[in-house]
2 protein chains.
Amino acid sequence: MDDAVPPAAPPQRRARQPRQATTERRAEILRAAAHTFGSKGYKNGSLAEVAEQVGITHAGVLHHFGSKEALLVEVLEYRDKEDVRDLEGQHIPDGIELFQHLVRTARMNVERRGIVQGYTVLTGESVTEDHPARGWVTNRFTILRGEIQAAIVEVGGGDVPADVAAQAASAIIGVMDGLQVQWLLDDEVDLPAATQFAIEAILTAALLGTGRPHPLR
Amino acid sequence: MDDAVPPAAPPQRRARQPRQATTERRAEILRAAAHTFGSKGYKNGSLAEVAEQVGITHAGVLHHFGSKEALLVEVLEYRDKEDVRDLEGQHIPDGIELFQHLVRTARMNVERRGIVQGYTVLTGESVTEDHPARGWVTNRFTILRGEIQAAIVEVGGGDVPADVAAQAASAIIGVMDGLQVQWLLDDEVDLPAATQFAIEAILTAALLGTGRPHPLR
DNA sequence: AGCCAGTTACTGACAAGTCAGTAAGTTAAC
DNA sequence: GTTAACTTACTGACTTGTCAGTAACTGGCT
């Protein structure tokens, strides 16, 4: 593939770094992309629409991210990093605090419709064949399930069987996501109240027989 | 629908009905469209792909349905009719039987991955702005919530407050949908077991104080 | 029984648009 | 003066939808 050796080793010149303002510019693009993919979906959202929000052309976006799929991947990674940053300092909640945190999140989400919609659209889309976000979504579910399952076991003092804890963990995640969909389509659905009700119900059922019922409130 | 009187009928031209085999052909197309929209989504699924499955061109599909959006609407109506046909004869379950029916459905769904995926993809997509399936999905949720809420009140002997029953109904639908997403992405999730566990938990919580706990099994 | 007008059920070609991605040129920061 | 950060211009692949033309079927009239 390659030809004769260039005489001496080509001493790579300097100035190979991006400019100072570029990091923030890329972050701007990522936020715009998160907004577009969130409201229109990945397939239906276009690079042109993303570019317009930051005042450049779609080719400019491709200059930074190479391809639409690579942009999506970076959006997802960016969101992960943001989530971690939000929790910085304050320890990651475990045990009973995790469930209080989940209920609080549901309450906050009512004021963040756009973010909720983005999560919902992308998650739904991801179950299609060969979707570029599939791995990310699957992994996110796996991690979350593990954390919630561990918290259930901890709250139950180790008396909750693993399979019951696993089912309850899946159910808690499921009910949160499913209620978000209904709330997005119909404001009559009381997202925080229904979420709290369901989490308490599932948690109580999981702890049945451990002598620690009605854990929240 | 019209012209019940052949005798003095106006000299309308004849042969205004579709052909005999057409009904079945349209059904074929609807099934193909359900499959395509289900696996690829509505936006990402093309008329050409639908047409190929029944051995015609995309223009042939448009001949029958006029537009892609009209095709989607007919797919959804077709599925509704099928659901009704499945329940024909056997009365629509109410009271405690409704919840047994929901758990049975979850068990059946494990063997109908394609249908579940179609429902999931379309539901997720529908929360985007101006999606043609939005009204259908919203309506479906409203009807379902009403039925489940009524069943909860019935099982509770009228002692369950309306808002509690409403929250529980939303939660039951939500947990079923949310668990389906997780199961589609990861077979490790035990869809039937987690669904049954969650429905029992939510129902039990809703009936608390009515003297009728642990309603299923 | 056979014809035939009117219609249905298509096909193939094309219009008009959107999309991601590429190549080459320009400007300004380092 | 090199190179990052763009823009403009363009390509090719797909999209839905329209249209004219054609074969096949249907129902009524002889």
Side-chain angles (χ1 to χ4, degrees), chain A residues 10-30 32-33 36-37 40-75 125 128 130-133, chain B residues 2-3 6-30 32-33 36-37 40-75 125 128 130-133:
Chain A
Q12 298 274 120
R13 295 277 158 230
R14 72 239 121 155
R16 274 196 161 263
Q17 310 149 34
R19 285 180 209 163
Q20 182 189 358
T22 299
T23 308
E24 178 49 31
R25 178 113 259 206
R26 285 173 56 103
E28 266 181 66
I29 297 172
L30 288 173
T36 290
F37 293 159
K40 301 273 190 83
Y42 168 71
K43 284 283 179 184
N44 198 29
S46 72
L47 291 178
E49 186 181 321
V50 173
E52 197 188 14
Q53 291 173 76
V54 295
I56 62 176
T57 65
H58 87 277
V61 173
L62 286 172
H63 164 72
H64 284 290
F65 296 95
S67 74
K68 190 187 183 186
E69 192 169 323
L71 174 61
L72 173 65
V73 170
E74 293 220 37
V75 166
E125 219 178 340
T128 57
D130 298 326
H131 194 281
Chain B
D2 63 298
D3 71 279
Q12 289 270 121
R13 295 121 197 143
R14 60 244 112 148
R16 273 207 155 267
Q17 307 150 37
R19 286 182 206 165
Q20 183 189 4
T22 297
T23 308
E24 177 50 31
R25 176 115 259 202
R26 286 172 57 102
E28 266 180 66
I29 296 172
L30 288 174
T36 291
F37 294 160
K40 301 271 190 84
Y42 169 70
K43 284 282 178 187
N44 197 29
S46 72
L47 292 177
E49 186 181 321
V50 173
E52 197 189 14
Q53 290 173 75
V54 295
I56 63 177
T57 64
H58 88 276
V61 173
L62 286 171
H63 162 72
H64 283 291
F65 295 96
S67 73
K68 191 188 183 187
E69 194 169 321
L71 173 61
L72 173 65
V73 170
E74 292 221 36
V75 166
E125 221 178 337
T128 58
D130 297 325
H131 193 282

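Note on naming: letters A, B, ... go to the chains in the order of the sequence lines (proteins, then strands), and numbering restarts at 1 for each one.
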- State whether Thr57(A) places a side-chain N or O below 4.0 Å from either non-bridging phosphate oxygen (OP1 or OP2) of dT7(D).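 True: Thr57(A) side-chain N/O within range (under 4.0 Å) of dT7(D) OP1/OP2.
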
- If only side-chain N and O atoms of Arg25(A) are considered, is one of them under 4.0 Å from the OP1 or OP2 phosphate oxygen of dA4(D)?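 Arg25(A) to dA4(D) OP1/OP2: no side-chain N or O under 4.0 Å.
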
- Query: Within a reach of under 6.0 Å around CD of Glu52(B), are more than 12 heavy atoms found that belong to other residues, nucleotides or ligands?
  - Reply: no

Can you check the [X] [atom1] to [N] [atom2] distance for me, whole Å?
X        : N       : atom1 : atom2 : result
Glu28(A) : dC6(D)  : CD    : C1'   : 14 Å
His63(B) : dT22(D) : NE2   : P     : 17 Å
Glu24(A) : dC6(D)  : CD    : C1'   : 17 Å

- If we only count heavy atoms from C-beta on, is the His58(B) to Leu62(B) side-chain gap below 4.5 Å?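 Side-chain contact under 4.5 Å: yes.
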
- Note, Ile56(A) side chain near His63(A) side chain (heavy atom, < 4.5 Å):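 Ile56(A) does not reach His63(A) side chain to side chain.
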
- Tightest non-hydrogen contact, residues Leu72(A) and His131(A), listed as CD2-CE1, 4.4 Å

- Test side chain to side chain contact (heavy atoms under 4.5 Å, CB included) on His64(A) and Thr22(A) and set out the steps. CA-CA 9 Å; His64(A) 284 290; Thr22(A) 299; 3.9 Å; yes

Return a table of donor-acceptor pairs under 3.5 angstrom between the side chains of residues 41-48 of chain B and protein atoms on other chains or two or more places apart.
unit_1   : atom_1 : unit_2   : atom_2 : d
Tyr42(B) : OH     : Glu69(B) : N      : 3.3
Ser46(B) : OG     : Glu49(B) : N      : 3.2

- Query: Could you run down nucleotides 11-20 of chain D 5' to 3' and tag each one B, S or - for protein heavy-atom contact under 4.0 Å?
  - Reply: ----SBBB--

